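The basis for the numbers below is simple: all heavy atoms, side chains too, and nothing from hydrogens, waters or symmetry mates. Quantities reported herein were computed from a predicted structural model and do not represent experimental measurements.
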Amino acid sequence: MATQGFEARLERLVEGTFSRVFRSPVQPREFGTKLQRAMDAHRTVSVTGRTLVPNSFRCALAPSDLEQFHDVLASLRRELCDVAREHAREEGYSFVGPVEVDIVADPDLRTGQLEVSARLVEGEGGLPPGGLLLPTGDRVPLGEYVVTMGRSPESTVVLADPNVSRHHAEVRPAVDGFVVVDLGSTNGTRVNGVQVGEHHLRDGDEVRVGNTVIRFEAS
């Protein structure tokens, strides 16, 4: 389950920042559980038969509880976005836009209360969401623009890999998603081990440029 990986990552946080500042009665794992429940409760079926779920989440806490999470909010938001993506993969859900999580204070809530609301928010230009997960753990969101990859400092994704060409490959928006296109690189571009000139990306595809592997996430 997605929550298991989420809780494992939270345990590592607890050993660091949380062990010093975390005193709120709201347990970190509650965020992941309630977020998943919100996705399940608000799922709907599109005209094409896809099961659509919310991609925009608002987690509200009492002001005193939010203060306890202050030093780890950025990490918590990132982890919750991953929980949503993992849960969507496991259940076969689809998003209509990029996953976003906001964590805010609500003075009407009592200490220990956590409320999670969710809604569907369409992505830029109506494109399905997508992102590139880099080896560093950074995520490059995709949209109505071309993302270039290479050693050139002008590239969107600059790769310090001697086996990567200056202008190696790019990811372009397509009618129903995104395609990766090799730009005549010296060592070629591979998707899931197969050399390609142009390839329509699917969730989980691994794009190898030189010795660098970049994963495509359709969320």
Show the nearest heavy-atom pair for residues [X] and [Y], with the distance to one decimal.
X: Leu61; Y: Phe69; result: CD1-CD1, 4.1 Å
X: Gly188; Y: Gln195; result: CA-NE2, 4.2 Å
X: Arg77; Y: Val101; result: CD-O, 3.0 Å
X: Phe95; Y: Arg50; result: O-NH1, 4.3 Å
X: Pro129; Y: Pro98; result: CB-N, 3.6 Å

Spacing of [atom1] belonging to [X] relative to [atom2] belonging to [Y], to within rounding of 0.5 Å:
X: Ile103; Y: Leu80; atom1: CD1; atom2: CG; value: 5.5 Å
X: Ser56; Y: Arg119; atom1: OG; atom2: CZ; value: 4.5 Å
X: Arg58; Y: Leu35; atom1: CZ; atom2: CG; value: 14.0 Å
X: Arg43; Y: Glu91; atom1: CZ; atom2: CD; value: 7.5 Å
X: Phe178; Y: Leu132; atom1: CZ; atom2: CG; value: 9.0 Å
X: Leu73; Y: Leu66; atom1: CG; atom2: CG; value: 5.5 Å

Keeping [X] on the side-chain end and [Y] on the backbone end, is there a donor-acceptor pair under 3.5 Å?
X: Arg151; Y: Val164; answer: yes
X: Asp65; Y: Gly112; answer: yes
X: Glu30; Y: Gln27; answer: yes
X: Asp106; Y: Ala60; answer: no
X: Thr189; Y: Ser185; answer: no
X: Asn192; Y: Asp205; answer: no

Are [X] and [Y] linked, directly or through other ILVMFWY residues, by side chains that come within less than 4.5 angstrom of each other?
X: Leu183; Y: Val140; answer: no
X: Val147; Y: Leu134; answer: yes
X: Val213; Y: Val196; answer: no
X: Val158; Y: Val207; answer: no
X: Leu114; Y: Leu109; answer: no

- request: Would you please indicate if the ring centroids of Phe57 and Phe31 are separated by under 6.0 Å?
  value: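 So the answer is no for these two rings.
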Do the non-hydrogen side-chain atoms of [X] and [Y] ever get within less than 4.5 Å of each other?
X: Val104; Y: Cys59; value: no
X: Val121; Y: Asn55; value: yes
X: Val171; Y: Leu142; value: yes
X: Val181; Y: Arg172; value: yes
X: Leu120; Y: Val53; value: no
X: Tyr93; Y: Leu52; value: no
X: Phe216; Y: Arg202; value: no
X: Met149; Y: Ser155; value: no

- prompt: Which is it for His199 and Asp182 under the side-chain hydrogen bond (donor to acceptor under 3.5 Å, both in side chains) test, yes or no, and what are the steps along the way?
  reply: CA-CA 9 Å; His199 178 85; Asp182 184 76; over 6 Å; no
Could you tell me whether [X] and [Y] have a side-chain N and a carboxylate O separated by less than 4.0 Å?
X: Arg208; Y: Glu206; value: no
X: Arg85; Y: Asp82; value: yes
X: Glu217; Y: Arg89; value: yes

query: Are a donor atom and an acceptor atom from the side chains of Asn187 and His168 found within less than 3.5 Å of each other?
result: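 Not at all, the side chains of Asn187 and His168 share no donor-acceptor pair under 3.5 Å.
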field: Step-by-step side chain to side chain contact (heavy atoms under 4.5 Å, CB included) determination, Leu133 to Ile214
entry: CA-CA 6 Å; Leu133 185 63; Ile214 298 170; 5.9 Å; no
Pair Asp40-His87, side-chain hydrogen bond (donor to acceptor under 3.5 Å, both in side chains): steps then yes or no: CA-CA 10 Å; Asp40 295 337; His87 188 55; 3.0 Å; yes
